[in-house]
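To start, the structure under review is shown below, and the notes come after it.
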Amino acid sequence: MTAKEILQDILQGALKKANKKLAVSPFPPLNFEIPKSEAHGDYATNIALTLAPKLKQPPRDIATVIVDSIEDQSSVIDTVSIAGPGFINFAFKDSFWCGRLREVHRMGDAFGQINLGSGQKTQVEFVSANPTGPLHIGHGRGAVLGDALANILRFSGYEVSKEYYLNDVGNQMNTLGRSVFYRYKELLHQPVDFPDDYYQGEYIYDIARRALALYGDTYLNADEEVSIPVFGDYAQKEILAGIKKDLADFAIRFDTWFREKTLVETGIVDSTIADLRKNNYIYEKDGALWFAATRFEDEKDRVVVRQNGQKTYFASDIAYHKNKFTRGFDRLIDIWGADHHGYIPRMKAMVQALGYDPERLRILLVQIVSLSRDGVPISMSTRSGQFVSLREVLNEVGSDASRYFFLMRRPDSPFDFDLELAKKQSDENPVYYVQYAHARLSSILRVAAERGIDISRLDTADLDLLTNPEEISLIRKISHFPDVIESCALFLEPHRITIFLQDLVSSFHRYYHSGKLDADRRVLTDDESLSRARLCLVESLKITIKNSLSLLGVSAPESM
RNA sequence: GCGCCUGUAGCUCAGAUGGAUAGAGCAGCGGACUUCUAAUCCGCAGGCCCCGUGUUCGAAUCACGGCAGGCGCGCCA
């Protein structure tokens with residue numbers, strides 16, 4: 001039970017009792033917020049304010065009735081006050097907070113876990129970049145968001161699966177094969193006319209060189225019908241290996257790599273189309289097959305099979321999402337680049353046509369990352385081959401810093417990533433601020449052990465010795481961690497963790513520094529029981545930071 | 001033209017489903033370590049929350065109308 005839940009229980013009881021007088025039905029939901037100012041207590045509720053219009057009574061009067069009904073049986077509340085227009089502010093006793101600290105310490109790696117999801121099966125599909133070229137920086141943002149979000153949901157009690165959808169069929173695979181084959185011919189000094197709509201990137205030459213080393217000139221004069229697929233398959237394999245390597249170095253692992261090919265080959269795409277056709281959601285017009293998206297919220301009907309008989313990617317998407325549901329996922333989260341936002345209505349329509357509640361599919365858009373170097377914008381396009389790869393960013397900036405950088409921002413907000421700036425500021429990157437705190441905490445524990453203090457069972461320390469306001473304030477902040485996780489999971493916004501971390505860590509650095517000015521305020525003092533109590537706080541801080549960073553996929557170093 | 005996203009300090013961005021005095025980092029200026037890590041801390045300065053109207057006890061947050069930037073609007077992916 002979190003501190004907030006404990007308070008919720010107490011207040012629910014009070015509201016039930018108070019409602020005998022107030023007689024409100026239905027009762028509005030009870031919300032707690034953490035006040036900006038600590039002077040306003042630990043938690044506050046505006047319940048009296050929301051009730052006022054219904055009851056046509058002054059909010060402060062209603063608040064009084066509620067407050068009078070509060071029964072604090074286990075005696076954890078220090079003060080309850082009615083403030084401002086009618087807020088009810090609560091503050092727990094210091095002894096309560098000290099008890100929470102013991103809880104935190106005992107929970108360790110599990111601290112922060114909640115049961116919001118109660119085992120609901122959720123799939124997060126992200127990155128899903130086409131295997132036609134290396135990942136670029138924009139993929140990186142989606143990758144980090146999806147990974148962190150999946151971690152958070154798992155921590156919140158959902159059963160989560162991370163999935164990468166691989167578009168390994170269709171025209172682009174053919175184009176890829178051609179692109180590599182042409183470069184291969186070029187390397188063998190055959191004149192080629194390399195079309196503009198082939199993949200232009202330098203990486204195509206790299207693959208062609210490796211293909212040349214492997215095959216020699218075997219395919220130089222072979223029939224293109226034979227050679228193109230060979231080069232296509234080879235290129236795809238190479239590129240996919242590169243993508244996997246990039247992701248691995250970015251601390252991202254997928255549970256499932258789902259190939260579009262499996263949908264096509266097992267006939268699921270055809271059978272899904274046939275089913276929808278039976279229900280008249282798909283019809284024929286102008287020699288093509290159309291999905292009747294306008295029967296839902298979309299503005300146009302959408303082609304699923306073209307006049308030339310080729311299926312569109314949307315056809316596969318339908319089959320793929322049906323497949324996801326039949327695999328038993330309660331909830332699907334797709335993460336896309338914002339440039340695909342126009343596809344959302346047809347996706348929602350498709351889910352409905354398949355007979356599922358559209359609410360079960362959430363599509364999160366991550367805004368485009370624009371890149372610049374020394375303030376000069378870099379235009380990017382996979383086709384033209386002009387882009388900054390995720391690999392380059394990883395090599396220049398590093399995984400921890402890049403991940404944290406991405407995760408500090410709301411997915412909705414556009415992000416201008418200046419490579420030179422990111423490098424230049426790498427010393428001052430906020431991620432080091434947080435990691436440094438973790439290293440500092442680790443160092444204190446090391447020194448304590450060196451001085452012969454038993455740090456193995458700090459949860460048995462006499463925590464009532466923690467009486468400095470800064471210490472209680474730190475415990476309070478630590479205790480908010482589960483609330484932060486809850487809001488991240490509810491809003492699907494991992495960046496809230498970085499904001500929490502910044503605040504928590506800043507308080508710790510200040511607390512630590514006060515020990516430099518005043519020896520009595522150091523963690524390690526002459527008084528061993530006091531030291532052990534403070535060490536319990538230190539270790540709990542360390543646990544909280546480590547759990548946070550681990551959800552973000554950022555390392556928590558023992559020393560720096 | 002229509003749709004989606006964004007607009008908050010010089011810069012990069014937070015702001016808890018409408019709450020109390022709008023915050024942080026960077027950049028700028030001035031300070032702080034003999035002892036647990038100075039990748040740290042403290043102070044100063046910096047604001048028409050894009051504009052307007054509305055909704056109500058209360059708006060950076062919600063609604064409507066503008067303005068500016070980004071991205072979409074294919075039988076491409």
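Atom set for the values below is all heavy atoms of this structure, side chains included, hydrogens, waters and symmetry mates excluded. Chain identifiers are assigned alphabetically (A, B, ...) following the order of the sequence lines, protein sequences preceding nucleic acid strands; residue numbering begins at 1 within each chain.
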I want to check one thing: is the phosphate of B:rG25, taken as OP1 and OP2, less than 4.0 Å away from some side-chain N or O of A:Ser506? no

query: If you measure from the P atom in B:rC50 to the same atom in B:rU8, how many Å do you get, rounded?
result: 6 Å

Short side-chain N/O contact from A:Lys300 to OP1 or OP2 of B:rG74, under 4.0 Å: yes

Between A:Phe90 and A:Phe92, ring centroids under 6.0 Å: no

As its Watson-Crick or G-U partner within any shown strand, both distances under 3.5 Å, B:rG1 has B:rC73

All heavy atoms of A:Asn89 vs all of A:Ala83, minimum pair found to be ND2-CB, 3.5 Å

Check your understanding: Say you pick atom C1' in B:rA24 and the same atom in B:rA9; how far apart are they, in whole Å?
Key -> 11 Å

**Request:** Describe the nucleic acid contact of A:Glu558 in one word from base, sugar-phosphate, nothing, applying a heavy-atom distance below 4.0 Å.
**Result:** base

When both distances are under 3.5 Å in a Watson-Crick or G-U wobble arrangement, the nucleotide paired with B:rA60 is none

So does A:Lys36 get a side-chain nitrogen or oxygen closer than 4.0 Å to the phosphate oxygens (OP1/OP2) of B:rU21?
no

>> So, does A:Arg440 get its side chain near the phosphate of B:rA39, meaning an N or O under 4.0 Å from OP1 or OP2?
In response: no

**Study point:** Ring centres under 6.0 angstrom apart (A:Tyr43, A:His480)
**Key:** yes

Under 4.0 Å between any heavy atoms, over every strand shown, what does A:Ala448 touch: base, sugar-phosphate, or nothing? Just pick one. nothing

### Message
Categorize A:Ala52 for me: base, sugar-phosphate, or nothing, with a 4.0 angstrom heavy-atom threshold over every strand shown.
### Response
nothing

Report task. Give A:Asp286 one of three labels, base, sugar-phosphate or nothing, depending on what nucleic acid heavy atoms sit under 4.0 Å from its own. Result -> base

Does A:Arg522 reach a base, just sugar-phosphate, or nothing at all? Heavy atoms under 4.0 Å.
base

Among the nucleotides B:rU37, B:rC75, B:rA16, whichever has the atom closest to the side chain of A:Ile34 is B:rA16

Check: A:Asp339 side chain, B:rG72 base, donor-acceptor under 3.5 Å: no

| When all nucleic acid strands are considered with a 4.0 Å heavy-atom cut-off, which category describes A:Leu445: base, sugar-phosphate, or nothing? | nothing

For A:Ser37, report the nucleic acid contact type (base, sugar-phosphate, nothing); a contact means any heavy atom under 4.0 Å.
nothing

Q) How would you label the contact of A:Leu524 with the nucleic acid (heavy atoms, under 4.0 Å): base, sugar-phosphate, or nothing? A) base

Fill in: Nearest-Å distance once atom C1' is located in both B:rC67 and B:rU53
15 Å

(Q) OP1 or OP2 of B:rU6 versus the side-chain N and O atoms of A:Arg410: is any pair under 4.0 Å? (A) yes

Q. Which part of the nucleic acid does A:Tyr436 contact within heavy-atom distance under 4.0 Å: base, sugar-phosphate only, or nothing?
A. base

(Q) Students often get this wrong, so: under 4.0 angstrom with heavy atoms, is A:Pro414 touching a base, only sugar-phosphate, or nothing? (A) sugar-phosphate

* Under 6.0 Å between ring centres, would you say that holds for A:Tyr320 and A:Tyr165? -> yes

From the candidates B:rA20, B:rA14, B:rU37, the one with an atom nearest any side-chain atom of A:Arg409 is B:rA14

CD of A:Gln307 to CD of A:Gln310, rounded to nearest 0.5 Å, is 12.5 Å

Re B:rC41: Watson-Crick or G-U wobble partner, both distances kept under 3.5 Å, found to be B:rG31

Next item on the list: Determine the contact category for A:Asp518: base if any of its heavy atoms lies under 4.0 Å from a base atom, sugar-phosphate if only primed atoms, P, OP1 or OP2 are that close, otherwise nothing.
Entry: nothing

For B:rC48, the nucleotide meeting Watson-Crick or G-U wobble distances (both under 3.5 Å) is none

Does B:rU40 have its OP1 or OP2 closer than 4.0 Å to a side-chain nitrogen or oxygen of A:Arg510?
no

Of B:rC57, B:rA20, B:rU35, the nucleotide closest to the side chain of A:Ala83 is B:rA20

Mind checking if A:Gln502 touches a base, just sugar-phosphate, or nothing, with heavy atoms under 4.0 Å?
sugar-phosphate

Are A:Tyr433 and A:His509, when compared by the centres of their aromatic rings, separated by less than 6.0 Å? yes

(Q) Base of B:rA20, side chain of A:Asn46 - is there a donor-acceptor contact under 3.5 Å? (A) no

Strictly distance-based, threshold 3.5 Å: is any side-chain N or O of A:His139 a donor or acceptor partner for the main-chain N or O of A:Val127? no

Self-check item: Face-to-face contact A:Phe87 to B:rA20 six-ring, under 5.5 Å, under 30°
Solution: yes

B:rA68 -> Watson-Crick or G-U wobble partner, both distances under 3.5 Å, gives B:rU6

Give a yes/no verdict on base stacking between B:rA14 and A:His495: centres under 5.5 Å, planes within less than 30° of parallel. no

- Query: Contact class for A:Val523 vs. all strands (heavy atom < 4.0 Å): base, sugar-phosphate, or nothing?
  - Reply: base

Answer for the Watson-Crick or wobble partner of B:rU21, both distances under 3.5 Å, is none

**Prompt:** According to a strict under-4.0 Å criterion, is A:Ser443 in side-chain N/O contact with OP1 or OP2 of B:rU37?
**Reply:** yes

inquiry  = Using the ring centroid of each side chain, check whether A:Phe314 and A:Tyr343 are separated by less than 6.0 Å.
reply    = no

### Task
For nucleotides B:rC49 and B:rU21, find the distance between their C1' atoms and express it as a whole number of Å.
15 Å

Check: Base, sugar-phosphate alone, or nothing: which one does A:His509 contact when heavy atoms must sit under 4.0 Å apart?
Finding: sugar-phosphate

Closest to the side chain of A:Glu33, out of B:rA77, B:rU37, B:rA16, is B:rA16

Exercise. Side-chain donor or acceptor of A:His340 under 3.5 Å from a matching atom on the base of B:rG72?
Worked result: no

Reckon A:Arg306 has a side-chain N or O less than 4.0 Å from the OP1 or OP2 of B:rA77? yes

Considering only heavy side-chain atoms of A:His40, the closest of B:rA20, B:rU40, B:rA77 is B:rA20

I want to check one thing: is the phosphate of B:rC41, taken as OP1 and OP2, less than 4.0 Å away from some side-chain N or O of A:Tyr433? yes

